[in-house]
Structures are given as C-alpha cells and as structure tokens.
**Student:** 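I'd like to ask you about the structure that follows.
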2 protein chains.
Amino acid sequence: MTTTAAQQRARQRQAYDAYLAECPARQLLNRIADKWVTLVLTALADGPRRYGELSRTIAGVSQKMLTQTLRGLERDGLLTRTVTASVPVRVDYELTALGRSLLPVVASIKAWAESHIEQVRSARVEYDQAGPDRPGRPS
Amino acid sequence: MTTTAAQQRARQRQAYDAYLAECPARQLLNRIADKWVTLVLTALADGPRRYGELSRTIAGVSQKMLTQTLRGLERDGLLTRTVTASVPVRVDYELTALGRSLLPVVASIKAWAESHIEQVRSARVEYDQAGPDRPGRPS
DNA sequence: CGGAATCCTTTCCGATACTG
DNA sequence: CAGTATCGGAAAGGATTCCG
C-alpha cells in the first residue's frame, strides 16, 4: 500500500479522515463510539454527578469499567473530576465545553437505540426465519 | 432469567431504557456504538457499494471484521445484501430505510471525531504533563 | 470476487481483595 | 465513598488457508 504525492496532498487538505487506519481520528472514533462513553456522557447531561450516582444510573456497569471510562474521558478533556476532601470523600464529575459538544451526538445514538429497537428485533426474526441456512450460520 | 408480570408491565410503560442492563436497548446500543458500524454505514451514505469497495474505503479493516459487521447489520435490517451471480460473483450492499435513519447519527460521530481530534490531543498532553503521578497511572 | 473456517494472539471485562 | 491492583475467563480481532 503506497501513497502517491497526490494522495498526500489530498490528506493535508481534508485534515483528518477516520477512514484511514493510521489516522488519529480513527482512534478517537474508536474511543467515543463506545457503549460506556455514551451512557456516561448522557448521564451527565443535566449537570454534575457523583461517582455513586453514575454507578447507580448506569445499571450493570462494573466499578472497573466506570472508573476506566471516567479516567479516559477526563484525560480527553470531555469531563472534569472534582474531589471534595470531606469524610467520606466526595467526587463529582461534570462535562466540559468539549464534552457538551459531543453530548447531542451520543444522546441521539442512545435515543435511536431506544426508539428503533422494535424494528431491529422484527428484522432479526425475519432474517433468522427466512433462511436457517444462510451465509454465516454454522451447520 | 425469569420476568414477573409486574416487570413486564413496568417495561411496557417506560418503553425501553438503555440505562437498564437487561434492556434490549442496551444491547442494541452496544451494537451500533461501534467503530466498524460507524465506518460501514457512512461508507454506504452515497448509495450501494461492492464488498471490495468497502474493504478499500475502510482502510485496515480485516475481511473477517468487515464480513461480520455487514452480516450483523443485514440481520438487524440496516442494510441489504444483493448477490449478482456472474463470474466473478458480485455482491452489493445498500442501506435500508432503517439504516438511513441511523446514518445522520453515526455520520455526526465520525464528523465530531475528525473535527475535535486536535482539542482532544492537546487535552491529553495537558493531562499527562499536569501530574505524571495521577490516579490510574502505573508507577 | 467474496467470502468461510480455523488458529492464535490480544484486549476486554467482571470478580475479588484491599486502601485512604 | 471512591477508588486501586490483580487475576483469570471470555470475547474481539488478525493472519492464514481454502472454496464456489
């Protein structure tokens, strides 16, 4: 896979392109196109939330994944982490301006999933019934 | 995993909620909040594409992941697969109406990643510099 | 050309135990 | 309360080989 000078110039013009495997945009896409990221960001839509609140809101998330996701989002500048040194300690998470710019996008994914699940389920039933012997199906 | 009649009724009332671990919407979210799904759907934005075209457009995707993603999207009713029996065989993929309804959403994620990568990268630099000894960082 | 099938490595992720 | 650290199983995903 060689790249011509013309392709190089084309890339400069269009800046970042997620279709290119080596592009940083591809890696960022990989990070934000994530279930936990979507749920965490939308859970912070209405303002700051404590760790425990997030944990309860996002049912079934393990503490490991929640912490890991929060750290990643903090590092990427999408949310802030504020520690209040009390007993017991209190930690609040809040979206940054950058995080809020992503919010409508991930919120629309979540909304789409919730509003189209019925159609998807019936499509699956139809697909599975149509040909029990199809490409991709074992035995 | 048994569900009581009360739980069934509760689900009917609140429809689907991706925050609930058991909810089908959570699983659907898990499927569509995916790097390959985003790239495949956006690659089909301008009309039908052949398998080989998709493979070249989405640089770095393995044949296994591409086929697997396409099969999943076909089963979920987001795209159609059309085989033309020639030599060699020709296979085209095209978005369905359902798939097109998801398209603007995933396109906006891809666009966000491409347009905000700079801000995210500088946020990472700042985070990493600020405290080389921070929560989550080894030694 | 457009896959399927197999093998094998990497990464994800949950469970558990411990800490300030 | 809000984590960290570690371990092991499960799943994702790449490379390779073969096929209609």
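Every chain is numbered from 1 and lettered A, B, ... according to where its sequence line falls, protein lines coming before strand lines.
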**Student:** Would you call B:Asp76 and B:Arg31 a salt bridge, using N to O less than 4.0 angstrom?
**Tutor:** yes
**Student:** Can you tell me the distance, in whole Å, between the NZ atom of B:Lys64 and the P atom of C:dC7?
**Tutor:** 12 Å
**Student:** Can you tell me how far P of D:dG3 sits from CE of A:Met65, to the nearest Å?
**Tutor:** 15 Å
**Student:** How close or far is atom P of D:dC1 from atom CG of A:Leu66, stated in whole angstroms?
**Tutor:** 14 Å
**Student:** Give one of base, sugar-phosphate or nothing for A:Val89, where a contact means two heavy atoms less than 4.0 Å apart.
**Tutor:** base
**Student:** Nearest whole angstrom, please: distance from the P of D:dG3 to the CD of A:Glu53.
**Tutor:** 13 Å
**Student:** Round to the nearest Å and state the distance from A:Arg49 atom CZ to D:dA2 atom P.
**Tutor:** 13 Å
**Student:** Can you find a side-chain donor-acceptor pair between B:Tyr19 and A:Thr42 that sits under 3.5 Å?
**Tutor:** yes
**Student:** Just N and O in the side chain of B:Tyr51: are any of them under 4.0 Å from OP1 or OP2 of C:dA4?
**Tutor:** no
**Student:** Which whole-number value in Å describes the distance from B:Ile58 CD1 to D:dG14 P?
**Tutor:** 12 Å
**Student:** If you measure from the Lys or Arg side-chain nitrogens to the Asp or Glu carboxylate oxygens, is any gap between A:Asp17 and A:Arg26 under 4.0 Å?
**Tutor:** no
**Student:** Please report the distance, rounded to the nearest Å, between CG in B:Asp34 and P in D:dA11.
**Tutor:** 16 Å
**Student:** Check whether any side-chain N or O of B:Arg50 sits under 4.0 Å from OP1 or OP2 of C:dG2, and answer yes or no.
**Tutor:** yes
**Student:** Using whole Å, what does the distance between atom P of nucleotide C:dG2 and atom OH of B:Tyr93 come to?
**Tutor:** 8 Å
**Student:** Would you kindly say whether A:Tyr16 and B:Ser115 are connected by a side-chain donor-acceptor distance under 3.5 Å?
**Tutor:** no
**Student:** OP1 or OP2 of D:dA2 less than 4.0 angstrom from a side-chain nitrogen or oxygen of A:Arg81, does that happen here?
**Tutor:** no
**Student:** Would you kindly compare A:Pro88 and A:Gln63 by the position of their nearest DNA chain D nucleotide and give the one closer to the 5′ end?
**Tutor:** A:Pro88
